[in-house]
Protein chains: 2
Amino acid sequence: MAYQSESLIAQAREIREASGVSQRALSERAGLTQSHISQIEGGRLEPGLSSFIDMTRALDLELMLVPKKLVPAVLGLVKAQATPDMHIHAGQPNDKRFARAERLVKKMKHLYGSSADLDRIDDTLRFLRRVNLSDQEMQLVRELIARLERYQASEQAAPIVRDIAQNLQRLRNSIAHAAPSEPRSAYSLDGGDADA
Amino acid sequence: MAYQSESLIAQAREIREASGVSQRALSERAGLTQSHISQIEGGRLEPGLSSFIDMTRALDLELMLVPKKLVPAVLGLVKAQATPDMHIHAGQPNDKRFARAERLVKKMKHLYGSSADLDRIDDTLRFLRRVNLSDQEMQLVRELIARLERYQASEQAAPIVRDIAQNLQRLRNSIAHAAPSEPRSAYSLDGGDADA
DNA sequence: CGTTCCGATACAGGATACTGCATCGTTCGG
DNA sequence: CCGAACGATGCAGTATCCTGTATCGGAACG
């Protein structure tokens, strides 16, 4: 349940961790208990609106109401602040993007032979294309596609391709099966290129 | 109480009223009850995060997490765009249908306990709601929902529920693993017109 | 008038958030 | 090896949400 709030909560958690604030420290600042926060972050509990506000305010964040139309713009703003080198083409309709990506995968299959990972990407893209993605989700997809494009011919493409496949699949799972108790949440919304 | 959320709730209310949406209409779209919404708006109740998200999403709004630093910027953006003729797609009979169905399932879970089949239905509905369904597909969904409604309290509900779950899942799978030969990219996913 | 839609209000019952502990396994620094 | 801090988990008890249903007074329209 509570699939709607997953992404907000995941964001809050990421930011908490990135700021090096422990659950206990946050609990004091926000006036909640540590056990409460742990359960919220773990998805075992759906916070009340005011609890969540307390929590995010203590992280120097504000919850804002934004018309859907403006979500990409706001996302751009926020992201620009977080990662200066990221740069968004706000233009293209999503359909085109997918078509392009699918063509790319096809080409790669052709050139390097089809691998399980490429198949997975292919499959997942075809699925995601039909879904009404939130702007946030679309943003993630966009990044992944861009990464694929960038590294398609690279020497170490393999682990990158695998990573992309994994990320896409995670997104798909989160949508297809609005999971109540998914063990791991947190698709990295920002640049985490830690692994690979 | 709940002084933190006051402003968000007030905003939501203003936008609802400005869009000419009644509490009852909103309650259907959001999957909440009218009485619930009234209490939230009146400040006599503090909504859960997910309730509030349901509510705002039904108003074409997104709840976003923004660094405090950027709040003025976002505020500017939103304000600048605040168009007088902000119209909501009041139509979407499909959305209504799904909201209704989801509530029905919730109620059934409540009454008879959640079964694997009900969970499956719940899950699948949440998925299908997000997808752009063809008329034919929507037709199928409509029938299944109607059937569920009809037999919800029947003695032999169990096998019927199972059958419905299976049918829905089959539909979902057929969408999730769309054949590559499907050229149907031709959905105009907006119908969106009537904007500036 | 009578109908219809509106928002506010009430109330019972069940679900669940939330507190305030206490504890566990792990990780990290000394 | 020890102790500290971390996050996860358990649990009893209370507060509150949320549904479902129903009613009410008011405004709008015929």
Side-chain angles (χ1 to χ4, degrees), chain A residues 1-5 8-10 12-56 58-59 180-186, chain B residues 1-5 8-10 12-56 58-59 90 99-114 118-119 122 149 152-153:
Chain A
M1 36 192 55
Y3 127 92
Q4 321 95 308
S5 46
L8 280 176
I9 292 173
R13 171 174 219 160
E14 272 170 42
I15 288 168
R16 178 183 66 73
E17 286 172 346
S19 325
V21 179
S22 76
Q23 287 183 349
R24 278 182 174 89
L26 179 59
S27 80
E28 277 192 30
R29 273 199 269 166
L32 311 172
T33 57
Q34 181 261 331
S35 108
H36 192 193
I37 292 181
S38 170
Q39 310 216 50
I40 291 171
E41 287 190 345
R44 284 172 299 289
L45 208 80
E46 190 65 10
L49 176 59
S50 55
S51 294
F52 191 65
I53 291 179
D54 288 340
M55 205 173 134
T56 52
L59 288 170
S181 62
E182 211 44 57
R184 268 292 60 89
S185 52
Chain B
M1 24 265 56
Y3 153 80
Q4 322 97 310
S5 46
L8 279 176
I9 293 174
R13 171 174 218 160
E14 272 169 41
I15 289 168
R16 177 183 67 76
E17 285 172 348
S19 321
V21 179
S22 76
Q23 287 181 350
R24 280 183 172 86
L26 179 59
S27 80
E28 279 194 36
R29 275 201 263 162
L32 310 172
T33 57
Q34 181 262 330
S35 104
H36 192 193
I37 290 180
S38 170
Q39 311 216 49
I40 290 171
E41 287 189 345
R44 286 172 299 289
L45 208 79
E46 189 67 11
L49 176 58
S50 55
S51 293
F52 191 64
I53 291 179
D54 286 341
M55 207 173 131
T56 54
L59 287 169
R100 209 177 140 74
E102 283 172 35
R103 278 179 69 183
L104 172 61
V105 173
K106 198 170 170 185
K107 191 182 97 192
M108 290 178 69
K109 275 187 177 179
H110 209 272
L111 286 178
Y112 314 120
S114 51
L118 280 178
D119 283 347
D122 203 16
E149 210 146 32
Q152 54 172 300

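Each chain gets a letter, A, B and so on, in the order its sequence line appears, and its residues count up from 1. Quick caveat: nothing in here was measured; it's all calculated off a predicted structure.
In this structure, Glu41(A) places its CD atom 15 Å from C1' of dT9(D), rounding to the nearest Å. dC18(D) atom C1' lies 15 Å from atom CG of Leu49(A), rounded to whole Å. Rounded to an integer number of Å, the gap from Gln39(A) CD to dT9(D) P is 8 Å. For the pair Ile40(B) CD1 and dT16(D) P, the computed distance is 16 Å after rounding to whole Å. Between the CG atom of Leu45(B) and the P atom of dG7(C) there is a distance of 17 Å, rounded to whole Å. Whole-Å rounding puts the Arg44(A) CZ to dT9(D) C1' distance at 8 Å. In this structure, Arg24(A) atom CZ and dC21(C) atom P are separated by 14 Å, rounded to whole Å. Rounded to a whole Å, the CD1 atom of Ile37(A) is 18 Å from the P atom of dA5(D).
Listed here is the closest heavy atom pair of Thr56(A) and Ala12(A): CG2-CB, 4.4 Å. What you find for Ile9(A) and Phe52(A) is that their closest heavy atoms are CG1-CE1, 3.9 Å. Ser5(B) and Leu49(A) get closest at one heavy-atom pair: CB-CD2, 3.7 Å. Taking both residues in full, the closest heavy atoms of Leu26(B) and Val21(B) are given as N-CG1, 3.8 Å, listed atom of the first, atom of the second, then distance.
In the helix from dC1(C)-dG30(D) to dG30(C)-dC1(D), the terminal helix axes, each the rotation mapping four pairs' C1' atoms onto the next four within five end pairs, subtend 40°, rounded to 10°.
Residues of residues 25-36 of chain A having a heavy atom closer than 4.0 Å to DNA chain C, listed by number: Gly31(A), Leu32(A), Thr33(A), Ser35(A), His36(A).
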Could you tabulate the donor-acceptor pairs under 3.5 Å formed by side-chain atoms of residues 32-40 of chain B, not counting sequence neighbours?
residue: Thr33(B); atom: OG1; partner: His36(B); partner atom: N; Å: 3.3
residue: Gln34(B); atom: NE2; partner: Gln23(B); partner atom: OE1; Å: 3.0

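Nearest to the side-chain atoms of Ser22(A) among the listed nucleotides dA8(D), dG7(C), dC6(D) stands dC6(D).
Side chain of Arg24(B) to main chain of Ser22(B): no donor-acceptor pair is present (N/O by atom type, distance under 3.5 Å, no hydrogens or angles).
Distances shorter than 4.0 Å separate some side-chain N or O of Ser51(A) from OP1 or OP2 on dC18(C). Between Gln23(B) and dA8(C) there is a side-chain polar atom (N or O) within less than 4.0 angstrom of OP1 or OP2.
By the 4.0 Å N-to-carboxylate-O rule, Arg13(B) lies close enough to Glu17(B) to be salt-bridged with it.
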